[in-house]
**Q** 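Shown below is the structure under consideration.
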Number of protein chains: 2
Amino acid sequence: MAQGVPHRPSTLDEVAELAGVSRSVASRVLNNAPHVSPAKREAVERAVHRLGYVPNPTARALATRQVGAAALVVSGEDPSIFADPFFAQVIVGASAALEEAELHLMLCLAASDRGRRRVGRLLRSKGADGVMLMALREDDPLARMAEEAEIPVVFGGRPVGFDPRWYVDVDNLGGARAATEYLISLGRTRIATICGRLDTEVGRARHRGYRDAMLAAGLEPLPPEVGDFTESSGAAAMAALSARYPELDGVFAAGDNMGAGALRTLRDAGRRVPADVAVIGFDDLAVARIADPPLTTVHQPIEGLGREMARMLVALISGQAPTPLILPTRLVIRASA
Amino acid sequence: MAQGVPHRPSTLDEVAELAGVSRSVASRVLNNAPHVSPAKREAVERAVHRLGYVPNPTARALATRQVGAAALVVSGEDPSIFADPFFAQVIVGASAALEEAELHLMLCLAASDRGRRRVGRLLRSKGADGVMLMALREDDPLARMAEEAEIPVVFGGRPVGFDPRWYVDVDNLGGARAATEYLISLGRTRIATICGRLDTEVGRARHRGYRDAMLAAGLEPLPPEVGDFTESSGAAAMAALSARYPELDGVFAAGDNMGAGALRTLRDAGRRVPADVAVIGFDDLAVARIADPPLTTVHQPIEGLGREMARMLVALISGQAPTPLILPTRLVIRASA
DNA sequence: TGGAAGACTGGAAGCGCTTCCAGATTCAGG
DNA sequence: CCTGAATCTGGAAGCGCTTCCAGTCTTCCA
């Protein structure tokens with residue numbers, strides 16, 4: 001391309017001809033299948049080398065009915081949701097696992113209806129060998145589409161109101177409970193939560209974890225302040241919470257970005273962390289480590305989530321029957337609580 | 001898939017048969033090409049609907065020699081480079097532009113040699129209609145591979161030691177100079193820089209901008225402290241700088257993450273920002289806004305970078321001859337300087 | 001009303017590769 | 001030196017779709 005020469009790529013026929021064998025033999029050499037004599041094998045290899053031959057993936061895909069690619073779909077309200085570093089980590093994990101299986105990664109940011117329709121077509125058209133679905137909203141049309149898909153589908157996290165057959169999730173409930181229990185163990189009693197949107201399963205599960213822990217300790221769960229996992233929403237939620245409950249001494253933020261926002265509000269209001277109010281986040285993103293003070297948080301294996309989703313998908317594609325997975329979380333204690 | 005029924009997808013032949021037309025006509029209807037009578041058109045459409053027919057993209061790709069996908073390749077030392085939110089934003093931009101052109105996005109994290117070889121194969125095998133290349137290292141084998149590619153290649157940023165034919169870059173030099181000039185205009189005279197790795201073009205250009213501005217103002221450019229665009233490297237660099245030049249009153253960090261790290265070190269050392277030392281970052285990432293104090297920084301249009309790369313690639317794919325692009329940067333003044 | 005321009009139509013030839021299968025070859029054992 | 005098994009080989013039939021092209025059918029003008 002760079003030099004502008006058309007230079008039509010060579011085909012398997014040309015390789016076969018140059019090597020003096022039939023196309024079948026050449027094909028077998030390329031897929032190193034059996035039933036090829038060493039002599040011809042070498043002849044073909046030499047021809048491949050001389051011609052700089054590279055098989056055409058499309059033709060191969062058509063013949064084998066295997067595309068050689070898996071798609072990762074991120075649904076959600078608007079594309080900016082993808083800016084959350086969470087997804088980058090998922091991708092790193094998924095990419096590594098797919099590479100092991102020699103699959104390419106297609107990325108679909110299906111924030112618009114148009115995008116979702118496009119994914120729908122992908123699902124029904126064998127445009128990929130399998131699909132990973134993430135960040136579905138409540139009543140997301142993708143859930144139904146997934147049911148009628150022609151190809152394997154793995155969910156990352158469980159969508160609300162829909163029970164997927166195959167999914168990888170994180171123990172949100174347990175993590176949130178552990179975080180809240182830790183606050184309680186610190187002697188805090190007026191503990192509030194900044195939760196994620198309650199029309200998402202993460203939002204609900206983490207809130208339920210908080211609630212369970214409070215109830216179990218005989219404390220009164222406070223009505224949650226709802227954020228959207230962004231820093232600013234966390235800051236706003238913290239402000240609202242402080243106004244409503246001036247005597248607060250503990251906050252469980254269902255996401256590190258929101259936790260960081262809460263820290264900012266608290267700092268601006270002159271309240272000391274953790275002396276006056278202890279704060280715990282969730283996710284263990286980079287921001288937690290660099291927050292001031294460093295944020296105690298619930299670690300979740302984000303890269304692992306991506307990796308396991310991909311592995312499950314690969315298993316499904318190769319005809320196996322994996323079982324859903326729930327990945328463990330663990331508390332990481334830093335300075336904020 | 002969900003229900004486990006094999007349910008072989010229907011083909012164009014079946015559609016044609018059901019509609020009582022030839023395959024050619026059916027094909028024309030699907031691509032809404034001319035030369036189809038309204039009656040047959042409707043018959044085909046009805047058949048498509050009844051069968052729930054979706055064209056097989058692979059077969060179409062083979063026939064048209066158009067894959068319908070473009071790849072975004074992120075090279076670099078190790079996969080964690082991708083964790084930088086920078087790439088997520090690039091992807092959002094690129095994804096949007098590709099969607100307009102009805103192209104899918106393939107993402108290749110080519111951090112290993114194996115990954116790079118895979119990309120090389122992609123480049124020579126028409127596995128995608130075009131490729132966007134980013135974060136190439138010095139002497140990155142991908143540069144040479146790109147030259148011999150069978151498909152259009154657009155670079156994001158210019159690799160060091162290689163002058164790509166088509167690229168989209170950001171005005172790193174100008175941005176860095178503006179940042180440094182601003183520090184100078186504030187009356188700072190002992191200004192240091194925390195730069196990015198000098199075997200990358202970004203690293204070099206931003207350092208050169210700093211140097212130019214210092215020289216132009218008759219100030220002595222200090223030898224740079226080199227980081228790797230992470231928060232911790234910025235913190236470490238700042239520590240080294242403080243030790244070496246205790247009287248420092250200004251710092252230009254060539255990335256916001258490093259700037260945030262510098263702020264942390266400064267805060268821990270009890271130095272006030274901006275009173276004692278003014279700090280400016282680069283990138284205008286989310287972290288700049290939530291840093292304490294909020295980081296003055298050089299804004300670069302990251303989403304725009306992705307969008308323009310994709311547009312340029314689409315132009316190339318459709319046979320046009322676009323010209324390289326350098327996107328402007330601008331100073332965003334916050335509290336740290 | 002003849003005929004040419006134009007609109008439709010469907011047969012057929014690919015796109016480049018895999019894979020089944022029947023025939024050819026090789027080779028060891030008898 | 002012959003036979004059956006084991007191993008190779010290449011012809012041919014796809015994979016599902018696009019598109020060229022040569023006919024067929026309309027139209028419309030002179």
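Here is the naming used below: chain letters follow the sequence lines, and residue numbers restart at 1 for every chain.
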**Q** Nearest nucleotide by nearest heavy atom, which residue falls closer to the 5' end of DNA chain C, Ala59(B) or Pro34(B)?
**A** Pro34(B)
**Q** Taking C-beta and beyond as the side chain, do Arg50(A) and Leu18(A) meet within less than 4.5 Å on heavy atoms?
**A** yes
**Q** Kindly say if Arg65(B) contacts the phosphate of dG16(C), meaning a side-chain N or O under 4.0 Å from OP1 or OP2.
**A** yes
**Q** Check whether any side-chain nitrogen or oxygen of Lys126(B) sits under 4.0 Å from OP1 or OP2 of dC15(C), and answer yes or no.
**A** no
**Q** What heavy-atom pair brings Met309(A) and Phe155(A) nearest, and what distance separates the two atoms?
**A** CE-C, 4.1 Å
**Q** Select one nucleotide: of dT18(D), dG16(C), dT9(C), the one nearest the side-chain heavy atoms of Ser27(B).
**A** dT18(D)
**Q** Can you check whether any acceptor in the base of dG10(D) is under 3.5 Å from a donor in the side chain of Arg28(A), or vice versa?
**A** yes
**Q** Considering only side-chain heavy atoms of Leu12(A), which listed nucleotide, dG10(D), dC17(C), dG16(D), is closest?
**A** dC17(C)
**Q** May I ask you to verify if any side-chain N or O of Ser37(B) is less than 4.0 angstrom from the OP1 or OP2 atom of dT9(C)?
**A** yes
**Q** With the side chain of His35(B) defined as its heavy atoms from C-beta on, choose the nearest nucleotide among dC17(C), dT19(D), dA7(C).
**A** dA7(C)
**Q** It should be established whether Ser24(B) places a side-chain nitrogen or oxygen under 4.0 Å from OP1 or OP2 of nucleotide dG10(C).
**A** no
**Q** Looking at dC17(C), dC17(D), dG10(D), which one has an atom nearest to any side-chain atom of Pro55(A)?
**A** dC17(C)
**Q** If I take atom CG in residue Asp13(B) and atom C1' in nucleotide dC17(D), what distance separates them, rounded to the nearest angstrom?
**A** 9 Å
**Q** Using atom OH of Tyr53(A) as one end and atom C1' of dG16(C) as the other, report the distance to the nearest whole Å.
**A** 7 Å
**Q** Out of dC15(C), dG16(C), dG10(D), which nucleotide sits closest to the side chain of Ala63(B)?
**A** dC15(C)
**Q** Whole-Å distance between dC17(D) C1' and Leu62(A) CG?
**A** 8 Å
**Q** Ignoring hydrogens and angles, state whether a donor on the side chain of Ser75(B) or Arg116(B) is under 3.5 Å from an acceptor on the partner side chain.
**A** yes
**Q** Stepwise, does the salt bridge (charged side-chain N to carboxylate O under 4.0 Å, His left out) test hold for Arg144(A) with Glu148(A)?
**A** CA-CA 7 Å; Arg144(A) 189 171 322 284; Glu148(A) 330 183 312; over 6 Å; no
**Q** Could you tell me the separation between the CG atom of Asn32(A) and the P atom of dT18(C), rounded to a whole number of Å?
**A** 12 Å
**Q** Under 4.5 Å between any side-chain heavy atoms of Phe86(B) and Val74(B), yes or no?
**A** no
**Q** Can a side chain N or O of Asn56(B) be found less than 4.0 Å away from OP1 or OP2 on dC15(D)?
**A** no
**Q** Just the rounded figure in Å: distance from P of dC8(C) to CZ of Arg41(B).
**A** 9 Å
**Q** Starting at CG of Leu51(A) and ending at P of dC17(C), how long is that distance when rounded to a whole Å?
**A** 11 Å
**Q** For the side chain of Arg23(B), starting at C-beta, report the closest nucleotide among dC17(D), dT9(D), dG14(D).
**A** dC17(D)
**Q** Figure out the CG/C1' separation between Leu30(A) and dG16(C), and round it to whole Å.
**A** 12 Å
**Q** Please report the shortest heavy-atom distance between Arg118(A) and His104(B), naming the atom on each side.
**A** NH2-N, 3.4 Å
**Q** Within this structure, what is the CZ-to-C1' distance between Arg60(A) and dG14(D), rounded to whole angstrom?
**A** 17 Å
